[in-house]
Every structure is written in C-alpha cells, then in structure tokens.
Amino acid sequence: MKILNVAEKNDAAKHISGFLSGGNSQRREGLSPYNKIYEFNYNFRGRNAKMTMTSVSGHLLNHEFVGQYRKWLGCSPDALFDAPVMKECSEDYLKIKSTIEREVRSSDVLIIWTDCDREGENIGFEIITVCQRIKPNIEILRAKFSEITSQSVRRAMATLGPPNKLISDAVDVRSELDLRIGAAFTRFQTLRLKRVFPEVLANHLISYGSCQFPTLGFVVERYKAVQDFIPEPFWKIKVVHKIKDVSVEFVWKRVKLFDQPFCEILHEKCLENPKAVVENVLTKPKSKWRPLPLDTVELEKVGSRKLKINAKETMRIAERLYNQGLISYPRTETNIFPSGMGLPQLVEAHTADNNWGQFAAKLLEDGVNPRQGKKSDQAHPPIHPTKYIDKLQGNERKVYEYIVRHFLACLSKDAEGLETTVEIDINNEKFIAHGLQILALNYLEVYPYEKWNAKEIHEYKRGQTFNPTSIDLVNGETSAPRLLTEADLISLMEKHGIGTDATHAEHIDKIKTREYVGLLENIYFVPGELGIGLVEGYDSMGFEMSKPRLRAELERDLQGICDGIKDPKVVLQEQIEKYREVFRKAVEQANKLDEMLSKYLNTQPAIVENNTNIAMGALPEHVIKCSSCGCGMVLRARHNNTSFISCLGYPPCRQSIWFPEKVIEVCLAPDTCVECGTDVRLLKFKFRGGTMAPFYPDVYTGCIGGCDPQLNAMLEIRQNVGSAPNVTVTPAVNNVANYNGSNTRNVTQNRNDEFRNQRRTQPTVPRPTGPPPNLPDGDGDDVQCNCGQAARRFTVQKDTPNKGRHFFSCSKPQGDAARCTFFLWADFTDNASTSNRNEPRNPRPGFTNTNYNNHSGPSFKARKRGNFTKTNSVSRKCGNCRQEGHTRNNCPNR
DNA sequence: GCAAGGTC
C-alpha cells in the first residue's frame, strides 16, 4: 500500500514526516527544488504502508479569466461579471503539480495535510482535483491538526476523515468574486480615467480591490476627520502639592468642563476654602503584564512603531530569518504556545548572549511561564527564535533581537509594583493623584520596547489635611485626532476583517504603490489626490466602495457557506448581481468620479461618453463546451478564410477543432441542438460541391456536438492533442453553460423547445447511427476504393467512441505508395433500418482522437460511384435505401 | 496592466 501525503508547504511536510517516522524519513528531490519528497514506512490500518510526503506552496490553482477576457481590451469590463473563469496552475507551480501527478499514479490513498483553516481546505481540494484527474478513484482523507507536534500529528493520523467541501466552496466564492469585481472596476477606472485625465493619469494603473479600497478608506476617513476638526475650548482645575523637590499633581474628578463661567465659579469656590482633606488612601499591588506570545500582526505593529521598519519590510526580513532557520514561521495568528514545544531548550540556546544571556539563564532557573493568549490558527505556533545567532547586522538584527526579547519576555514574569491612589476634597470638589513604586521589573529587564515609570508621591493619611501649593484654573482646547500610523492602520484592518495577518502589509504597500496614499513625516498616512478623489467620487454616488461593510457582509455569507446554511452558488450569484448593479450605476454616474478627481487633481476633465465600450468588439458566441476544460469554444476564422473552433481557455487549454478544406463556409445557426442540449449550437455549413456523403446537401445545418457521428467523421473532427491543459473548471459555483445569465437561458430554452417540436414533426437529415454490425474485417463487398479496386473492411480498434465500428479503406497495405486515401464508414452503406436515431451511438464523443483517414485526396465527386453522388437532386438514389425517386429525407423505407 | 489568498 502506498499513501501520498501532501502538506501546504515544504516546512510542514518535513516536520510532519519527521514526527510520523520518528525521525527516520528519507528525503529525495521532487521536480520543484523547494518541495522535497519525504518517504518512510507507517503502520496504516494495521498494514505496512509506504508513506510519501510532499507539499505544495500555498494555492496550487488560481482563478483566471480565459481567452480574450484576459485582455484588457478583449471585452467590455462589465462582461467580467459573467466571463468564464477557470482555476489554473500558474507557470511557477507546474513543477509542483507534476511532482504530485507523478507520485499519485502509484498511490492508493491521498492524505491532505494542508493548514486547518479555510484557505488550507481549499488548497486541499486543489490537490485533490489534480490527483483525481490522474486517479479518479483514489481514497481521499483529511488530516486535522492544531499544531505540528508529534502528539498532534499522530492524533491527526488516528482521526482521519473526509475533507470539508463547504469550507473550500466558500473560498472559491471569495476568490472568484475578488477576481471579477477587482478586474471589472480596475479596468473600468483605469481605462476611463486615462482618457479623462490624459495628462495626469495616462500611465496610472488605478486598481480596485475589496481589501485595498477599504484600507484606503480608513486613511481618507481619518484624514478628513483631522481636516474637519474644530477645536473646542475647555477649562479645568489643577491642584499641585509640592514638598521639597517632589511635586504631586491632583487631577480634577470632573476632568474638564466646556462651560467657562461654571468652571470659574467652581474654581472660586475652591479658592474660598483651599484646605485639602485626604478622604482616601489606597495602596495596592499593580502589575504590568508581560507581552502575549508574538503573532504576525503584533510583529508588524511593533516593527512599524518601535523599530521604525514598515510592516512590509518587517515581514520581508522575518521571512528571510525564517528561511535561514533562525525563527519560526512568521505568518501566524496564534498567540498560545502549544504544549510540548520544548520552550526551556529554546531559551537555553540564548544563555550565552552578551545582552540577554543572563536574563535567559535566570529565566531557566525560575522556570518558563508563558503568558497564554486566546487566538490559534491551528497551524503555526507563535513567532519565536529557533536558533541562536549573534552575527546579524542592521535591520535583520533589529527584527531578530526583537523576536528573541519578546520570546523571553512572554515566558517571564509580569513587572510588579505598588500603586497608591490618594483622593482629596477641596470645598466639595474632588481630586485624585496616583503614585507608583516599582518592586520588580521582571520582563521589562529584557524588553526595552515598553516603559513603566515610577511616580513618586508623598505619604498621605486618611483624614489628613494640607494646603495645596497651587489651585489653578487651566484652559485648553480639544485637539484633532492623530493621523493614522501604519500600526493604527493594521489595527483597523484587523478590527474590520480586512485582509489576513499575512496580507495586511501587502494591502498597505499596494495603496502606496498606486499613489493613493503617502506618508507625512515618514510616519503618518495621508491620502494623495488620486486616493481621496476616488473615495469621494464613489461616496458621492452613494456607494460604500471604500467602507469595510461590504467585505463584512461577504464574510458573513462565507461563514454561512462553511456552516452549510448558504448555497455557494446562490451567494456567488447574489454578490455578482449586487456588484454588477453598483458597477452599472458607477458607469452611469462616472462623471461624478471625474468631477471629484478634477477637484483634487486640479485638472479639467476631458469629456468622454458614459459607457464601458472602450475599444472592444462583440463577444463571440459559444458553439460547444470544451470537452477538456468546460469553457466555451468559439468559431474563429484563419487568415486564409478557413475556419476553426477554439477554446476560450486558450492558451492553457489548447483544444481546437479544425475544419477540412471541403468546408467553404461555416457560421453559427440561430438554434442550439435539441439532442445535445443548449450548450451546443447548430452550425450552418457550406460544403465544397460533392465532397460530402450524399445525404448532406452542400448547404447544411448540423450539429458537431456528438449526436451526428457521421458528420463529425466527414469533417474529420478530432482533438488537437497537445500537452494536457493545466486547467480545472471552476467547480460548482460557475460554469460556462449558464454564463449568459438567467434571462438569456430562458429565451434559449423556449427557442429550443420550439425547435424540438419542429424536429418532431418535420423530417430532418437522418443519421445512420445504429450499433456496428458484427462483421469480420475483410473484403468490402461491392465497395470500391479510389483505385477502382474492392475496398477492404476494417474495424476501429482504438479505444475511442467509434471502437468496433467498421469502415472501408484501400486494400493496399499501409505505407504502400500506391495506396489511396479512400475512407468510408461501413454503416453508411448499411440499411438505415438498423439505426435508432433516439439513441445515438456516440452520445458525446467529445472530439476524440480517432485518426480518421485523410480526406485531402480526391473528392467524393472525383471518385464517383453510382450510389455516392450528390443527393440534392431527386434523380439521384436515396441515401437511405439507395432507390431512385426520392431522397433520404422522404425515404419511405426509413 | 486587474484581486486576494496562499508560500522558497
């Protein structure tokens, strides 16, 4: 028994196989240099199994538009709400995919070890998709683990279960929506605004994204709050009691008042009888808590706030440290150390350091005592050092040192102090003062990023009275809020669920790159003209494009999908419709965007029309669904006026159907095929005279969807077999068949019913389709080939839909130079009474790779035999019974 | 030339 295990990343594969094998796994190379293969033996369900463990690197497949929809001018941006999308493997990950495809061939079971979060479940299904294409019946199991420790992975092996499709579906919905909405608005904005403001925005990419826009929105909102702020004067009473050098300030319990005369009266009252009476003295222990184990968001915030390294750069450095094996995985939401982490050993490694070594040693003596948070992503432990090093420089050193100090601090003890609170009364006005005495710094000794200042206070006793040194009326005014720092922005994103811990820094970086925002004094975020113009432009239309609400609503729907309450198809469609409507109105009111941007860019807008047709032609209609990837296939013309059908999934999907030279013209007929369904459009052909079998008139409307194998054979329809496309049709939530939207579907359906009724009452071209006669290969009865000799009967041997079917061909051996290219299906000559039109023998051939004979030789007309001439004349013989006086359409022998 | 989400 062989079991293929696939983890989300190499690091996880390495550790999981290490734990499962007891450290006895063998490593070998995969096709991707970054994703190794680990092998070991394992007792699985009481049997000795050979375990193979490899990994992906995050998502293996990505949603992409297909064909011309990828091109910016290939379609109108609003078409992107319906355009076919597929999940495909990007170039960079082909080697990973190939490794998995290779390994699964010899495997009996597939175990998914991706991270146990939503994205992980989806990545799991991507792996499953790839594996099932190679091995459709492979048994699939999901390992669920909350951390990568020996105990946890063994428990996961003991509790294997099915993967959760609901969770994966939710991610697919999110991913498809992000693509459709992002691309539609980005193209619309960019293409329009470059024409409206050619001097300023000609070379700008003006992107929209469901995370980047709310992030921009936070910056604009705070900036406007600062701009719009109107200071308000206030007044308060301040009491100071100074003895020698120590000055104690008592704060008014009313804090401050905005009513000056009232405040003056209270102040006067205090001055009338200024004796302070101590009403209460309370001294109690106070601690300052050590930090929680470090997660990504905290690292980014501290990087920005304390180390003065922006979040993106902090993460880049952290990744580098991780890749050198110096720290644990830096993208984690976990702030709880799992049991069995071996924390003392990790601390031990730092005892030799000149700066924090002593602290580490003392920590070991006292015993580690990790503070426990409440968050776990069930995949990664908190960020911690995994190896000691003292040779780092610059920012790498700063980040590493912070991670080490944070690690030691969170395992240490809270700082301890004594806080004294003194409450006094001056003629019925209450005041309060605090003092702080620090007893033990504890974690603060190793954690210079936080301060805790002692505050001296005199000794007071309850009931004591004293005369304050001063009782002053102080005035001030309220001040505007601060502009946002990067740390503030990350906090807001986290609070509103914008992005993930792994992507906050990227969204912030993106709005900087797009010039939507800039930095003031290198710290504070301010919107640029473009950023504020866009936000206010959409605001003026009444859309909350830059507010977090839309994303939060989607998040609720996604949770509903995960919980099995909501249908992913419905959620996807509802969201698409919602944004399609917003898009439609945005296009309608695009001048508001122009006006707002004009104000901020200080440039007059050029007048452009309000539509989305920005240099793109009409979209081609689908002929048929691609048998390989499920996208639509469309009719295209070559330079030499010949036609072919190609998949919209090109280039990843290279399926195509080439028509032979006998087809002079081909175009779409108005109807779809009643037998093959609404996915298949009828085609109107014009054939070169005499090149087709007799019952096909020169102008013929037919179906290549599979219900008419004769037609397919005569048109030499075959699959262009290239490399297997690296595509997967988007499952469940989208397919090409319904891409025209519900209204169009109904119309098509109605039209189709009409056509079906017509076909019931009107004779149409019959198709000799019955089962192949059970004949031995041999002489061709009275059938002659183009050489004028008796043709030989053969049977299709290849494993195709035509397998077992008989055909006639030249009797000379293959390779003989004199051999002619004659080809004729035997059932063309059989009595059609054996056929059953309602049960086509090739229900959906899917353009198989049958190597039909080459028809480029002499035409049927040139190799005329009595019963194979054009049939569009009543003087010729019937294609069905070969009698004269009628055609196949009205053959009495059918 | 587009999103957001994973990760060497």
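From a predicted model like this one, the values you see are computed outputs, not experimental measurements. Residue numbering restarts at 1 for every chain, and letters A, B, ... go by the order of the sequence lines.
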Under 6.0 Å from the NZ atom of Lys95(A), do we count more than 12 heavy atoms belonging to anything else shown? no
Using the side-chain hydrogen bond (donor to acceptor under 3.5 Å, both in side chains) definition, which of the options Glu515(A), Lys194(A), Arg514(A), Gln189(A) pairs with His204(A)? Glu515(A)
For Lys194(A), report the nucleic acid contact type (base, sugar-phosphate, nothing); a contact means any heavy atom under 4.0 Å. base
Report the residue (Glu506(A) or Asp178(A)) whose heavy-atom-nearest nucleotide on DNA chain B is the more 5′ of the two. Asp178(A)
Would you classify Arg514(A) as touching base, sugar-phosphate or nothing, given that sugar-phosphate means primed atoms plus P, OP1 and OP2, and contacts are heavy atoms under 4.0 Å? sugar-phosphate
Using only heavy-atom distances, determine whether the side chains of His507(A) and Thr215(A) contain a donor-acceptor pair under 3.5 Å. no
How many angstroms lie between NE2 in His380(A) and CG in Asp117(A), if you round to the nearest 0.5 Å? 7.0 Å
Tell me yes or no: between the side chains of Asn35(A) and Thr54(A), is some donor less than 3.5 Å from an acceptor? no
So the contacted stretch of DNA chain B, first to last nucleotide with an atom under 4.0 Å from a non-hydrogen atom of chain A, runs from dG1(B) to dC8(B)
Just call it for Glu8(A): base, sugar-phosphate, or nothing, with non-hydrogen atoms closer than 4.0 Å on any strand. sugar-phosphate
Row check, Tyr329(A) ring normal vs Lys9(A) NZ/CZ: under 6.0 Å, within 45°: yes
Once you apply a heavy-atom cut-off of 4.0 Å, does Ser175(A) come out as touching a base, just sugar-phosphate, or nothing? base
Hey, can you tell me if Phe185(A) and Tyr208(A) have their rings parallel, tilted or perpendicular (30° and 60° cut-offs)? tilted
Any base atoms under 4.0 Å from Tyr329(A), or only sugar-phosphate, or nothing? Heavy atoms, all strands. sugar-phosphate
Thr186(A) near the nucleic acid: base, sugar-phosphate alone, or nothing, with a heavy-atom cut-off under 4.0 Å? sugar-phosphate
Identify whether any heavy atom of Arg118(A) sits under 4.0 Å from a base atom; if not, whether one sits that close to sugar-phosphate; answer base, sugar-phosphate or nothing. nothing
Tell me what Gly499(A) touches on the nucleic acid: a base, only sugar-phosphate, or nothing, going by heavy atoms under 4.0 Å. sugar-phosphate
Look at all strands and tell whether Thr114(A) reaches a base, only sugar-phosphate, or nothing, counting heavy atoms closer than 4.0 Å. nothing
Give one of base, sugar-phosphate or nothing for Tyr208(A), where a contact means two heavy atoms less than 4.0 Å apart. sugar-phosphate
Just to be sure I understand the rule, does Asn62(A) reach a base, reach only the sugar-phosphate, or reach nothing, if contact means heavy atoms closer than 4.0 Å? base
